[in-house]
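Take a look at the structure below.
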Protein chains: 2
Amino acid sequence: MEDIKKESKREVTIMDVAEKSGVSIATVSRVLNRTGRYSDETSRKVLAVAREIGYTPNYMAKSLKRKKTEQIALAVADIGNPVYVAMAKAVQQVVKEHGYRLVLLSTEALASEEYGIIKSLSKQYVDGLIISPLLYSDEHRELIKQAARPVVVITGSESDPDIDSVLVDSSQGVRLAMEHLLGQGRSRIAFLNGRPDTVPGVARLNGYYASLIEHGLPRDDSLVFASDFTLAGGYQVAEEILSRAKPDAIMCANDLMALGVMRYLREQRLRVPEDIAVVGMDDIEHGASSFPSLTTVSLLAAERGRMAAELLLSRLTSDEIQKPKQLQVVPRLIVRESSVVVKG
Amino acid sequence: MEDIKKESKREVTIMDVAEKSGVSIATVSRVLNRTGRYSDETSRKVLAVAREIGYTPNYMAKSLKRKKTEQIALAVADIGNPVYVAMAKAVQQVVKEHGYRLVLLSTEALASEEYGIIKSLSKQYVDGLIISPLLYSDEHRELIKQAARPVVVITGSESDPDIDSVLVDSSQGVRLAMEHLLGQGRSRIAFLNGRPDTVPGVARLNGYYASLIEHGLPRDDSLVFASDFTLAGGYQVAEEILSRAKPDAIMCANDLMALGVMRYLREQRLRVPEDIAVVGMDDIEHGASSFPSLTTVSLLAAERGRMAAELLLSRLTSDEIQKPKQLQVVPRLIVRESSVVVKG
DNA sequence: GTATTTTGCGTAAAGGTTTACGCAGATCCT
DNA sequence: AGGATCTGCGTAAACCTTTACGCAAAATAC
């Protein structure tokens, strides 16, 4: 039983095509890229030979020379969250229309991962980056400003004026939802936050507090809970919310946690919305088809993805320097069954 | 108002580091890659300079020379399907442990996309590919065999013996579920397929038919429907299923469609499982927390992802040629509320 | 003390492209 | 017919690394 070493079959290069068709590599390159001048006859010959011997360009070499990869990256915290999937799909569509490819990176909410991506971005396999960081520290901002490729940030309501950003005020979104709940006669509204050290975590909690103040309600920290933005996380913390806060409504910082909470409530034979109203945020597809369907606040993830992609592409294709842009989108309340008692 | 052209600030290269630290580029490269021989003193100096002037390697040049990118790709049909997300997460974890990065590609179920990826794979920005094709034609197989980088296919129950594959017999999975439904006393079981021209579409429909034969039931094509494996698709076709087939159970080819169907049933005030039982397939997280929770068949997506990743990495790291492997996983029935009537 | 090995580092080639430049021949103008 | 312009193509440099090879100096051996 002998070990057979891999024979490293040499790749077929542009030189092979050139030789076999009796022209120079420059000509082959011109034909293949439809650039410069060449006759119809040589074009036909070169293309025929290329197909015959199965030539495909080496993108490493190509982009080393061109300083372009025709790829862009989207870095999100957790691809398990449908809201990022929706964002990714929107980005994908836009970049594809422009002949770019999308590379999806999931950072698992690790700042170190994010730093690494931004830092080595300069010479990575992408021409630009869209990043939606869960955390958005000074270090992020510093790295992004120094990054050697265009970066667009999708984040909360405030960014750095020197950084291209697509913003949404999710604190405002929470206020919309709170207003709705209060309007439905709920008075003891618990708040289930995600990780409180993250951008959305901070913003949404602020929205909750701001809303209480607006309505002259007392701030009661025993009504505030935190989990991790996942369905399982919402499910786990639900018991504690019920036993400790005894609320008549639960405002959740995102839809996944809201669905987790509703699952627990159902298991406890509690009726939503009759016993407890539940509201989420993000407007993921599953919220529309859950039972009861979930009242939520849309932060227009797809729209923001589209805007970010278009902004990034405009940076890549134009070679004039333009002032950094700050685009904004406004949250929208979507009322469904989980928060409105229908009188039979 | 004048157009300011981007000044293309020259990247800092290994030559800059070499010059500033008074050594040759070879030495810098050795220090940076911890390879070959160099003294402690030069190491310190080089590293200091590199950090000072902010050097980061150009991966294009590096991989052109090394013929390695330290990246692998996972191509799936639809990243909007949570089952692929679960798969991706498992792959991500494995490759990360080995110092590789995962690039996620969503083909939107287009065979042409898949062909393109496999073809140009040889000189793309990845060292290997894991692909879970919705369609799996002869052309796929041919291209995969000729691909210049290792490819692992995640697909149904049969592949090519010359291709590294991770398999699961989803037809068997459907039979498990059917057996369960029949055991619950259901007799008029409709089948909601996904796209029937796909690998899973064919397999699952076959499983349905096989199951009927096993139990001596007549084949009734008016009970068979097709959609597109999405939640919205399941929702849309549900009305037709009800009006045309009048079933007492609906076997869905995947969980997303099952959730869509359940949503429609609820809107129609039909009780699941009392009026109609519903079973899905894939075991996505949302199925466990839907109401009622969804009986399903797990095809062990995460496990298959893990296996595929490990297989691919073993191909990449060992340089002995080994016979292609066919790994298999067996489906598992998961009974939940949507198919079992509890007597109160 | 010389002979051998080890150490540290530099030179230069290679990896596969794209592209600026230049040259010869064909075409056009007057 | 002589000059200018256009056309098609080749030569060679550049993109930034890694690495085989070789050489001088230092360390070790006897």
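Fair warning: this is a prediction, and the values are worked out from it, not measured in the lab. In what follows, every chain begins at residue 1, and chains take the letters A, B, ... in the order their sequences are listed.
The CG-C1' distance, from B:L64 to C:dG16, rounds to 6 Å in whole Å. Note: CG (B:N58) to C1' (C:dG16) measures 14 Å, nearest angstrom. As rounded to whole Å, 13 Å separates atom P of D:dG8 from atom CZ of A:R44. B:L32 places its CG atom 13 Å from the C1' atom of D:dC16, with the value rounded to the nearest Å. A straight line from CD of B:E11 to C1' of D:dC16 spans 11 Å, rounded to a whole angstrom. Here the C1' atom of nucleotide C:dT17 and the NZ atom of B:K67 are 13 Å apart, to the nearest Å. Spacing between atom CD of A:E41 and atom P of D:dT7 amounts to 17 Å, rounded to whole angstrom units. Spacing between atom NZ of A:K65 and atom C1' of D:dA14 amounts to 4 Å, rounded to whole angstrom units.
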>> Show, in sequence, the C-alpha distance, side-chain angles and deciding distance for A:D164 and A:V153, and conclude whether the side chain to side chain contact (heavy atoms under 4.5 Å, CB included) test is met.
In response: CA-CA 6 Å; A:D164 281 321; A:V153 174; over 6 Å; no
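In this structure, A:E108 CD and A:S106 OG are separated by 4.0 Å, a value rounded to the nearest 0.5 Å.
In the model, A:Y115 has a side-chain atom that pairs as donor or acceptor with a side-chain atom of A:S137 under 3.5 Å. A donor-acceptor pair shorter than 3.5 Å cannot be found between the side chains of B:E114 and B:S112. With hydrogens and angles left out, the side-chain atoms of A:S159 and A:Y136 include a donor and acceptor closer than 3.5 Å. For the residue pair B:Q92 and B:R101, no side-chain donor N or O sits within less than 3.5 Å of a side-chain acceptor on the partner. Side-chain atoms of A:T13 and A:E11 include no donor-acceptor pair closer than 3.5 Å.
The phosphate of C:dT19 (OP1 or OP2) has a side-chain N or O of A:R66 nearer than 4.0 angstrom. Proximity of A:K62 to the phosphate of C:dT18: a side-chain N or O atom is located under 4.0 Å from OP1 or OP2. A close approach under 4.0 Å does not occur between any side-chain nitrogen or oxygen of B:Y59 and OP1 or OP2 of D:dT18. For the OP1/OP2 pair of D:dT18 and a distance below 4.0 Å, the side-chain nitrogens and oxygens of B:S29 include at least one atom meeting the criterion.
When the C1' atoms of four end pairs are superposed on the next four at each end of the helix from C:dG1-D:dC30 to C:dT30-D:dA1, using five pairs per end, the two resulting axes differ in direction by 30°, to 10°.
Closest to the side chain of A:N33, out of D:dT17, C:dG15, C:dT18, is C:dT18.
Salt-bridge formation is detected for the pair A:D78/B:K89: a Lys NZ or Arg NE/NH1/NH2 atom is positioned less than 4.0 Å from an Asp or Glu carboxylate oxygen.
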>> For a quick check, with a 4.0 angstrom heavy-atom cut-off, what is the B/S/- contact string for nucleotides 6-12 of chain C, read 5' to 3'?
In response: -BBBBB-
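Using bins of under 30°, 30° to 60° and over 60° for the plane-to-plane angle, the ring pair A:Y125/B:Y125 lands in the tilted bin.
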